[in-house]
Number of protein chains: 2
Amino acid sequence: MATRNIKEVAQLARVSVGTVSNVLNRPEIVSPATRERVFEAIKKLGFVRNEVARHLRVGRSRTVGLVVLDVSNPFFVDVAQGAEALAEDHDTMVVLCNSAGDPGRERRHLDQLEQQRVMGILITPVETETPWLEELIARGTPVVLVDRPATGLQCSVAVDDRLGGQIAGAHLVERGHRRIMFVGGPPSIKQVADRHAGLSSAVAAADGAVELLTATAPTLTVAEGRAIGERVAALPPGKRPTAAFCANDMMALGFLQAMATHGLRVPEDLAIIGYDDIDFAAAAAVPLSSVRQPRELLGRTAIDLLLEEVAEPEQHRHRQVIFQPDLVVRESSAMRRDD
Amino acid sequence: MATRNIKEVAQLARVSVGTVSNVLNRPEIVSPATRERVFEAIKKLGFVRNEVARHLRVGRSRTVGLVVLDVSNPFFVDVAQGAEALAEDHDTMVVLCNSAGDPGRERRHLDQLEQQRVMGILITPVETETPWLEELIARGTPVVLVDRPATGLQCSVAVDDRLGGQIAGAHLVERGHRRIMFVGGPPSIKQVADRHAGLSSAVAAADGAVELLTATAPTLTVAEGRAIGERVAALPPGKRPTAAFCANDMMALGFLQAMATHGLRVPEDLAIIGYDDIDFAAAAAVPLSSVRQPRELLGRTAIDLLLEEVAEPEQHRHRQVIFQPDLVVRESSAMRRDD
DNA sequence: TTGAGGTTTTGAGACGATTCAAAACAATCT
DNA sequence: AGATTGTTTTGAATCGTCTCAAAACCTCAA
């Protein structure tokens, strides 16, 4: 393994290691002649700067960790792309870690990132209480919570999920639905609980005219959505809700599939609204209505807050940024219902 | 920032730094009493091992880079998940990088990974010829090509794309289609060229009875698929192909959407086959037939080959693993066509 | 020729963990 | 007590780069 170091370059260019380092970091302070000589040596040797050693010396890395709940959910991929786009401008690398909803995996990733001495971490935590995350913060790694409001220990970027649920609920009520189901997941996931709460408030605003059902799955996946859909399709028409509001688009897609395989028409027999407005929502069997979150913007803003904190740790005040969701109405909920 | 080091731990535990290091790496060789004392000190100080310094000394990192063509394509996400799953067993971290089909981004990521001294790189290169990748290999970073056969400089895992195209083509011919369109991308992408070639060979096998059309987009995205779909839908029925084979599922999904918005029925008016069999394919407006690749297996195998090379660099012989694709027939191509 | 002022270059410590030969200690046997 | 063997612990050297005070080198003026 011909991995060259700064010393060999110095030797070949007949300068000191300090000079080579200067050429690498502050080329303007070294004379054009030597600079040229050093560049040549670098090229001839195929020297590649060892970022690890550099990092050890300067103490701060140019890497941030992004720990998401589910990489196979395009929502998080989009958040990641937003983060990466902005990070790239500050030539910083984003490493994407997948907790897959498992606190154990989450913890292992956090440990690894801390050992790596990343400059900061963006995370959508699995659970509301995460003691080791707080310890990590206490030890000095800046953290920004993504898609979840902060507790005061750190910055956060989130979207008002309660409002999102409410908008969706109001829309369904307004379209004449009187029997609405929330297709959700474990209420320990803050986002799920909030969306549910929002829907409830919209239902409550209808003064008892609307009935609210709730289905709960362990994870927010296509498969779980489909499973719940199967159960709903099996209900007698009178018992069946006329609309379903799903905790995310993955579930909505699964739910929709189940409707199709059981010959139920969407939105005629049952309207569906998803959440996140991932790109696949518009491409679904029946184009999905969905509550849109500013996905890339979430990622960008998170990086922004982090960089701000890293730049001036002293006078930094933690902030909580909250965005507003909006409803994209498509065919899956387009119809007015009149019974 | 209270970031503790091994020396402080040693001091508190009243042992030497060497002993602390031993406790961390080979606990069995230090006496239970001291070991306990050191653990206590570690806990009390909240010491977290600095992986950067460790790596500098040991010279080998536990991180591998995975550079993919498009993170928003679930196919690559699944490959990544496969890779990560196996990597985790060897407690190795996978960092996911997105070249987004841009050679410039690809290069920047490779540079960064090399500077980071990762233990190896898995990559689906943007272009067939990538000189700087070869230089990188020459300098000593092990590389495994993913979803593309190797050139001999490195290992590779791939799927026989030509066969995939052929299977899809044979299926369409057998179903009675006589006018088939390949909805593809730039032939500079090897995968695309091979799938096209496979389709061609299946068409050729029909002895001139079948006509082959080709549409080419700059990228393999949903949007491009939709755009091509729009153009096809606008053709007069006689000129229109009766089947489309798309270079990947993303394009197929877009294409399908265009059919729907123009009132063309799938598969009655036009059959569609996609490629990759991503999870969303089954959830599409009309469930998509698709050529399935063993996605997670690709990732796992790539990591496997890499670890093998890293473990015994001397006697390692580069290998090319090739998997067979298979066709999953769903509704979008289910119908027999008889004109 | 000397000195002042400016520009380049030098090289000896860090940074934090690992390694390993050597020292220290302990146990057992003559 | 001394020799022998085995187990723990030590601490200096090392990995590759950056930093910064000091040295070296220039130029120009007195």
Side-chain angles (χ1 to χ4, degrees), chain A residues 1-39 41-42 45-62 111-112 114-119 139-141, chain B residues 1-39 41-42 45-63 112 114-119 139-141:
Chain A
M1 202 161 330
T3 162
R4 272 60 212 294
N5 61 22
I6 224 181
K7 204 141 115 202
E8 296 178 68
V9 173
Q11 223 160 308
L12 181 59
R14 317 173 110 272
V15 295
S16 71
V17 294
T19 300
V20 177
S21 177
N22 282 335
V23 169
L24 258 25
N25 300 297
R26 318 205 281 307
E28 67 282 2
I29 76 160
V30 12
S31 76
T34 27
R35 198 194 311 155
E36 208 39 58
R37 214 143 30 93
V38 171
F39 276 136
I42 287 179
L45 292 177
F47 165 78
V48 174
R49 132 103 93 10
N50 186 330
E51 186 60 36
V52 177
R54 171 194 173 78
H55 173 186
L56 172 60
R57 183 62 239 265
V58 303
R60 216 152 40 59
S61 109
R62 301 300 302 168
D111 283 352
Q112 227 160 7
E114 190 181 12
Q115 287 177 16
Q116 225 74 259
R117 297 292 192 274
V118 292
M119 92 192 238
R139 280 190 297 264
T141 303
Chain B
M1 205 161 327
T3 162
R4 274 53 219 286
N5 60 22
I6 220 182
K7 205 142 113 204
E8 296 178 66
V9 173
Q11 222 160 306
L12 181 61
R14 316 172 111 273
V15 296
S16 72
V17 295
T19 301
V20 178
S21 178
N22 282 335
V23 170
L24 257 26
N25 300 296
R26 315 201 286 304
E28 68 281 2
I29 76 160
V30 12
S31 77
T34 28
R35 198 193 310 155
E36 209 38 59
R37 214 143 29 92
V38 171
F39 276 137
I42 286 178
L45 292 176
F47 165 80
V48 174
R49 131 106 103 350
N50 186 330
E51 185 59 36
V52 176
R54 172 193 173 80
H55 172 187
L56 174 59
R57 181 64 237 262
V58 179
R60 214 152 41 60
S61 110
R62 300 302 301 168
T63 304
Q112 226 160 8
E114 189 180 14
Q115 288 177 14
Q116 220 92 243
R117 297 291 191 274
V118 292
M119 95 192 234
R139 280 190 297 263
T141 304

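Letters A, B, ... are given to chains in the order of the sequence lines, protein chains preceding strands, and every chain is numbered from 1.
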* With sugar-phosphate meaning primed atoms plus P, OP1 and OP2, does A:V20 contact a base, only sugar-phosphate, or nothing at under 4.0 Å between heavy atoms? -> nothing
* For D:dG16, does either OP1 or OP2 sit under 4.0 Å from a side-chain N or O belonging to A:N5? -> yes
* **Where chain A begins and ends its contact with DNA chain C, read 5' to 3' at 4.0 Å from heavy atoms** => C:dT8 to C:dG16
* How far apart are the closest heavy atoms of B:F47 and B:L24, and which atoms are they? -> CE2-CD2, 3.9 Å
* To do: Provide, to the nearest angstrom, the distance between the CD atom belonging to B:Q115 and the P atom belonging to D:dG16.
  => 16 Å
* Asked: Less than 4.5 Å apart, any side-chain heavy atom of A:V48 and any of A:T3?
  -> no
* Structure fact -> Note: contacts of residues 21-28 of chain B with DNA chain D (heavy atom, under 4.0 Å) are B:N22
* Contact list for residues 7-29 of chain B, test salt bridge (Lys or Arg N to Asp or Glu O under 4.0 Å), sequence neighbours left out -> B:R4-B:E8
* Structure fact -> CZ (B:R49) and CD (A:Q116) are apart, to the nearest 0.5 Å, by 11.5 Å
* Identify, with sequence neighbours excluded, every residue that meets side chain to side chain contact (heavy atoms under 4.5 Å, CB included) alongside B:V30. => B:N22, B:V23, B:T34, B:R35
* Asked: D:dC15 C1' sits how many Å from A:R54 CZ, rounded?
  -> 17 Å
For residues 50-58 of chain A, run the donor-acceptor check on the side chains, cut-off 3.5 Å, and write out each pair with its distance to 0.1 Å, sequence neighbours left out.
| residue | atom | partner | partner atom | Å |
| --- | --- | --- | --- | --- |
| A:N50 | OD1 | A:V52 | N | 2.8 |
| A:N50 | OD1 | A:A53 | N | 3.2 |
| A:R54 | NH1 | A:N25 | OD1 | 2.8 |

* Residues two or more places apart in sequence or in another chain: which of them pass side chain to side chain contact (heavy atoms under 4.5 Å, CB included) with B:L12? -> B:A41, B:K44, B:L45
* Asked: How long is the line joining CD1 of A:I6 and P of D:dC15, in whole Å?
  -> 14 Å
* Remember a base hit wins even if backbone is also touched, and classify A:V52 as base, sugar-phosphate or nothing at under 4.0 Å, heavy atoms. => nothing
* Sequence-distant partners of A:E114, side chain to side chain donor-acceptor pair (under 3.5 Å), two or more places apart -> A:R139
* Structure fact -> Atom CD of B:Q116 and atom C1' of D:dG16 are separated, to the nearest Å, by 15 Å
* Structure fact -> Rounding to the nearest 10°, end axes of the helix from C:dG6-D:dC25 to C:dT30-D:dA1 built from five pairs each make an angle of 60°
* Asked: DNA chain D: B:R35 or B:L56, which has the more 5' nearest nucleotide?
  -> B:R35
* To do: Please identify each residue that fulfils salt bridge (Lys or Arg N to Asp or Glu O under 4.0 Å) with A:E36, with sequence neighbours left out.
  => none
* **Euclidean distance, atom CD of residue B:Q11 to atom P of D:dG11 [Å, nearest integer]** => 13 Å
Close N/O contacts between protein and nucleotides 12-14 of chain D (under 3.5 Å):
| residue | atom | partner | partner atom | Å |
| --- | --- | --- | --- | --- |
| D:dT14 | O2 | B:R57 | NE | 3.4 |
| D:dT14 | O2 | B:R57 | NH1 | 3.1 |

* **Of B:S31 and A:K7, the one whose closest DNA chain D nucleotide lies more 5'** => B:S31
